Number of protein chains: 2
Amino acid sequence: MANIKDVARVAGVSIATVSRVINGNHKVGDACRARVQKVIKELGYRPNSNAQALVSKTKSTIGLVTPKLAMTFFGTLAAGVEKTAREQSYKLLMANSMYETQSELDAINSLRDHNCQAIVLHSEYSDEKTLIKLAEEIPGLVLINRYIPAIAHRCVWLDNIAGAAHATQMLLDKNHRDFAVITSIYQNRDPGARLQGIRQTLAGAQIPLKDEAIEESTANIEGGMQAVEALLARKVRFTALLAYNDLMAVGAIHALFAAGLRVPEDVSVVGFDDLIVARACRPQLTTMHYPVEEMASYAARLAIELSSNSTAEPAHRTHLFLSQLIERDSVASRSAN
Amino acid sequence: MANIKDVARVAGVSIATVSRVINGNHKVGDACRARVQKVIKELGYRPNSNAQALVSKTKSTIGLVTPKLAMTFFGTLAAGVEKTAREQSYKLLMANSMYETQSELDAINSLRDHNCQAIVLHSEYSDEKTLIKLAEEIPGLVLINRYIPAIAHRCVWLDNIAGAAHATQMLLDKNHRDFAVITSIYQNRDPGARLQGIRQTLAGAQIPLKDEAIEESTANIEGGMQAVEALLARKVRFTALLAYNDLMAVGAIHALFAAGLRVPEDVSVVGFDDLIVARACRPQLTTMHYPVEEMASYAARLAIELSSNSTAEPAHRTHLFLSQLIERDSVASRSAN
DNA sequence: CTGAAAGCGCTAACAT
DNA sequence: ATGTTAGCGCTTTCAG
C-alpha cells in the first residue's frame, strides 16, 4: 500500500503538500493540486487512518454500545447509528455489553482506546452516578433510551409514560373497562414507566387495576404466554390486555387462542415497540411505535456534534421522543352497555 | 489521558519496559513488572490503540460488511461476529453496504484504511471476479453466505439446495402432492438454490411443478401476501406451499387466512431461515433453521486466523453449513388417498 | 504557495 | 533484565 511519501516522491512535491491536498487545504496551487490528485489516483493511495488519528488526536469514528445485537430492537438501533455514520463518513465501532455492568464499562473503555470520541450508549445496568461521571469524561457520550436529569442534554429517550397512557386511553375510548397488564419482571425504567402510564390513565378514568390483574414475566414471547396463562389460571376477567412490549403481546395472543379466546373479539391486545413481529402475528398487532432507528440516528448526530464542538453545553434541554399509536387488528371496540 | 511516558516516568523505568509489561513480554523482572502494573492502574493508563496499530501494522479489529442491520437476519449475523470479537478481544468495525456494489467496495476500503485485516463480508452484488481479486489482496477476507469455487476455503455458506430439498421431502413424506412455491424476484444465488432444491426433489418423486405454481415477489411479508394472492387469483390448487423465506411465509399465511383457507388444515406452509417472526406468527411456522449466528462466529474466527497465520492456504476445503428442519405448527399430513 | 522538521504514542531491534 | 533509539504515516507549525 502506497503511503504519503510515495505519493510525494512520484508527484515531485513534499509530503506536506500531499497532506494539504488530502485535507482539502486551500493553500495549494491548482496545478500542483491536480498533479498530486492524479498521482493519488494512480497509486491508489489511501491515507492510513491510524496515523491520522494518532497525530490529530481525533478520529472520525463513532462507537455504539448496546446489549444484544441479535434482538430486533438493537439491530434497528444499530442501523440508525450506522446511517448517521455513513452520512458523515464516520466509521462505526461496535461493542456488545451483553447486559453486564462491567462489560458495559469495558466496552466504553475499549472504544476510548481507539480514541473514538463520539459514543452512543444504551446502558441497561450502570447506575446514574457512573454514567454522570462518564459523561463528564467523555464530551461526545450520548445516552439512548434512558433519562438522567443531571445530564439531560445528553439523553435521547422516549416518553414511555405518555406512550402507555395513549394506548390505555385508546382502549378506554373503545369502551374497555376490564384491564389486565403483563409486564417485565425487571421493573426498572421502561417497564416501570409504561406501567405508570397505564396506572395513571386508568386512575384518571376511575377504573380500578387490581394487583391480580398484573402479571410479571420475562419480556419475550414465552414470557407473554406464561403471563397470560397465569392470568387465566387465576380467573382474572379482562377484555383489554396491555403488554409491556410486542414480544410479550405476541406470546399473549398465542396463549389466548390456545385457551379458546379470540383476539380481538374476546380480548383486545396492544403491544409496544412496533417490531417486525407485530406485523407477523395474526391478527397483526396494534402497538405503540417506538422510533428507535430515528432516535438512534439523532443520537449519533448529537454525539458527533458534542464531540467536535465543545461549545458551552446547553444543559437546559433534553431530547424526548414520542411513540405513536399504530392501529392494526388486535383491538376491537366493546359495545357500551 | 496518561501515556506510556508518564507511566515510565512515575515508575522510574524506561518506556520499553512499560511496553514489555503491557505486551506480556516475559523478560521483565518481577519486582519491576509489579511496580509498573501498579502505576498503570494508578494512572488509569490505557495504551493508545492507534499508535499500537501504526507501529505494529496490525490491529485487533475485525470488520463486518453487511447489507442492512435493521433486518433480523443481518442483526443476528452481526451478533455472531461480535461474539467472536469479544471472545478474542477484537474490536468490531461495521460498515453497511446498503445493497449497492459500490458501497460494498467503499465499505471494504474504509475498513482497510483502518488497517483492519480480518473482514467478514456478506456480499450481495459484487461479481465473482471482483471478490476473488479482493480475496487475493486481503488474506483475512472471508465471505459469508456465498460460495465461490476459486476461493472455496474463504467461503462460509449454507447448503440451500439441501435445505430446500429437505423441506420438500418432508412435505412429500406427509403425502402432499400439490405444491406451490413463492420465491424472490431476485433469482440470484439463495432463491435460485432453494428453488433448485425444491425442483429436483419434486422431480425425483415424479411430481410436476408447473410454472404457474411458482410466483415471484419481493422477499418480505407484503411480497408473500401478494404472491399468494396471485396464486389464488389464477386458481392454482395446492396443499403445500414452500416459501423462499420466513417473511414471505408469514405473508402467505396472512393471505391464506384472508382468503378463508386454514393453515395447516387446508394448506401447509414452510418457511426458511427461522427468524423470530417464525415464532410470532400463528400457527407458528415450520421452517428450515439457518444457523446464521453460529456461521458468523465461525466466519469471524476464520477471518482472524487467516489474517494472522499466513500459513499456506488449504485451498481444498470449504466451510459448508447445513440448515435444520424445525417442525412447528404450519404443516399437517394429508391423508393418503 | 511550498518545504523542512518536529513530534503523536508506541514497538522492536540493538545495546548494555 | 533493562535502556536507547529509530521509525510507523501522518499533521502542523514555522520558514522561506
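Predicted model only: the values in this text are computed from it and were never measured. These values consider heavy atoms only, across backbone and side chains, with no hydrogens, waters or symmetry-generated copies. Every chain is numbered from 1 and lettered A, B, ... according to where its sequence line falls, protein lines coming before strand lines.
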Nearest to the side chain of [X], heavy atoms from C-beta on, is which of [options]?
X     : options               : value
A:V55 : C:dG3, D:dC10, D:dC8  : D:dC10
B:K57 : D:dG9, C:dT2, C:dG3   : D:dG9
A:L54 : C:dT11, C:dG9, C:dT2  : C:dG9
B:S14 : D:dC10, C:dC10, D:dT4 : D:dT4
A:R20 : D:dG9, C:dT11, C:dA4  : C:dA4

| message | Below 30° counts as parallel, above 60° as perpendicular, anything between as tilted: where do the rings of A:Y147 and A:W157 land? | response |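 Geometry flag for A:W157 against A:Y147: parallel rings.
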
| task | Output yes when at least one side-chain N/O atom of A:Q52 is less than 4.0 Å from OP1 or OP2 of D:dG9, else no. | result | no

| request: Please determine if a side-chain N or O atom of A:N23 lies less than 4.0 Å away from the OP1 or OP2 oxygen of D:dT11. | output: yes

| message | Does B:T17 reach a base, just sugar-phosphate, or nothing at all? Heavy atoms under 4.0 Å. | response | sugar-phosphate

| task | Classify the nucleic acid contact of B:V18 as base, sugar-phosphate or nothing, counting any heavy atom under 4.0 Å across all strands shown. | result | nothing

| task | Please determine if A:E137 and A:R112 form a salt bridge, counting it only when a charged side-chain N lies under 4.0 Å from a carboxylate O. | result |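 Salt bridge flag = yes for A:R112 with A:E137.
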
May I have the distance from [X] (atom [atom1]) to [N] (atom [atom2]), rounded to whole angstrom?
X     : N      : atom1 : atom2 : answer
A:K5  : C:dA4  : NZ    : P     : 13 Å
B:I22 : C:dC10 : CD1   : P     : 6 Å
B:D6  : C:dC8  : CG    : C1'   : 13 Å
A:N25 : D:dT11 : CG    : C1'   : 11 Å
B:N50 : D:dG9  : CG    : P     : 15 Å
A:K27 : C:dG3  : NZ    : C1'   : 15 Å
B:N48 : C:dG7  : CG    : C1'   : 14 Å
A:I4  : D:dT11 : CD1   : C1'   : 8 Å

| Should A:Y290 and A:M295 be marked as a side-chain contact (heavy atoms from CB on, under 4.5 Å) after you check the CA-CA gap, both sets of side-chain angles, and the distance that decides it? | CA-CA 9 Å; A:Y290 192 137; A:M295 287 170 65; 3.5 Å; yes

| request: Between A:S49 and B:R35, just flag the one whose closest nucleotide in DNA chain D comes earlier from the 5' side. | output: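 Result of the comparison: B:R35.
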
| query | What's the shortest heavy-atom distance between A:R33 and A:V21, and which atoms? | reply |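 It is CA-CG2, 4.2 Å.
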
| field | Crowding at CZ, A:F321 (>12 non-hydrogen neighbours, <6.0 Å) | value | yes

